Amino acid sequence: MTSERTATLSWDREEKKQDLPILSGSIGPDVIDIRSLSKTGMLTYDPGFMSTASCTSRITYIDGDAGVLLYRGYPIEQVAEKCDFLEVCYLILNGELPNGQQMAAFVKNVTLHTMVHDQLNNFFKGFRRDAHPMAVMVGVVGALSAFYHDSLDITSETDRKISAIRLVAKVPTIVAMCYKYTIGQPFMYPRNNLAYVENFMRMMLSTPCENFVANPVLVRALDRILILHADHEQNASTSTVRLAGSSGANPFACIAAGIACLWGAAHGGANEAVLNMLEEIGDVSRIGAYINRAKDRSDPFKLMGFGHRVYKNFDPRAKIMYTTCHEVLDELGLGNDRLFKLAMELERIALEDDYFIEKKLYPNVDFYSGIVLRALGIPTTMFTAIFAMARTVGWIAHWNEMITDPEQKIGRPRQLYQGHPRRDVTPIATR
Ligand code: CMC
């Protein structure tokens, strides 16, 4: 970060002026450091943080115009092709790719933490069976702090590392438990002789009476989904985790806050919403009507899986997801899948439409991830929980980065107040 250049803000016909340092990152846009502005009595106004860099970070970089995504400097295309999800977890948490020895130790560490406290099983029984899995996830992940309070000293690097490993290891077990609970099947314990993704698929898709036989193409597809969703810089849920953590809250509570934020359809809930939308459209002949609805400002309907706050070009994750989608459907002999064909046609029509071209609305990662998950036998209501499982590592890395940032302060935005000025309370009888 350098501050040799300054930007000058002037107001009241240049009677008042303030020089503000310009900071440069290693790549990406420069930022105007407005921290000294509050001393002038002025604030900035930026709903949705469209023009605000809320922190410094070294984890993930996005160039939305060029369609670039880097994890710790490595392009997502290379990471998705050459690494598996746990390797990516190591990279995101530690900043470097592991060597063979480091990887073996990390895998062993995660694997030894896959089981959850037995009493957590009872916790599930308080939920209705028809609860949405994300509702259960928010509660159960938040409850982990009541089970693992031996490692909650956030000032201790060791404690933070243990909590990170526990979360990466246990969230898949909890996601699978959420699913089993809602369909009334017994929980499946993790099998530590299986690799991370295979173990998760087994916990989700097998029963005590029915063994799970892994198909490597499908395991790799889910692994890739997890890689593509592992981190995405200061998105809404990651910013939520950082904000929750800025008060000193424990990591399990912070991740539960992130899960709650992720649930919304504008964010992680989009993968579920895409599938629901495709089912609702139902047939290619109805695409035009839905495109028109998406373009109608008086209609709240949006084309789910389209558009992104940062990407104003193809989401690089969507391109990889599209290829994975083909691989999975070919493997399963579902090349003529109704919803996949509908999605491809919808994408074609939208990309040729002036509205979507002008507003730079391209398919995002969630446009195709739902189709892949559905083909893997995972029900729609579980899609966002799987996104949460993938993003857990990113959330923890950001939480840890925030805690160790010497410039970190409690997150406390201000406001542009537009309510009543001071007024006096009159007695109720005279109102
Ligand atoms: N369909 C139709 N119009 C859209 C869409 C869409 N999917 N997305 C944006 N627009 C329009 C929007 O109405 C606005 O129009 P106008 O300029 O006339 O007001 C313009 O494009 C700019 O959009 P915005 O809503 O101001 O942009 P944003 O950065 O605030 O929102 C978004 C980004 C992702 C929330 C939004 O594009 C959206 O709701 N997309 C659908 C939901 C979705 O797919 N979300 C997943 C995001 S990727 C996974 C993740 O990160 O969680």
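Remember, it's 1-based here, ligands and their atoms both numbered in the order they're listed. Fair warning: this is a prediction, and the values are worked out from it, not measured in the lab.
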Q. Among pairs that include at least one residue of residues 307-331, which meet ring-ring contact (aromatic ring centres under 6.0 Å, His included), considering only residues two or more places apart or in two chains?
A. His232-His308, His232-Tyr311, His308-Tyr311, Phe314-Tyr362, Tyr322-His326, Tyr322-Tyr368, His326-Phe340
**Q.** Pairs touching residues 375-411 that satisfy ring-ring contact (aromatic ring centres under 6.0 Å, His included), sequence neighbours left out
**A.** His229-Phe387
**Q.** Of all pairs that satisfy salt bridge (Lys or Arg N to Asp or Glu O under 4.0 Å), the ones with a partner from residues 364-391, not counting sequence neighbours
**A.** Asp337-Arg374
Q) Is the number of heavy atoms from other residues, nucleotides or ligands within 6.0 Å of CZ (Arg128) greater than 12? A)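 No, not enclosed.
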Q) Can Thr111 and Asn192 be counted as having a side-chain donor-acceptor contact under 3.5 angstrom? A) no
Q | Amino acids in close contact with ligand 1, where any non-hydrogen atom sits under 4.0 angstrom away | A | Ala265, Ala266, His267, Gly268, Ala270, Ala294, Arg297, Lys302, Leu303, Met304, Gly305, Phe306, Gly307, His308, Arg309, Tyr355, Lys359, Leu361, Asn364, Asp366, Phe387
Q) Is it the case that Arg293 places NZ or CZ above or below the six-membered ring of Phe301, under 6.0 angstrom from the centre and within 45 degrees of the axis? A) yes
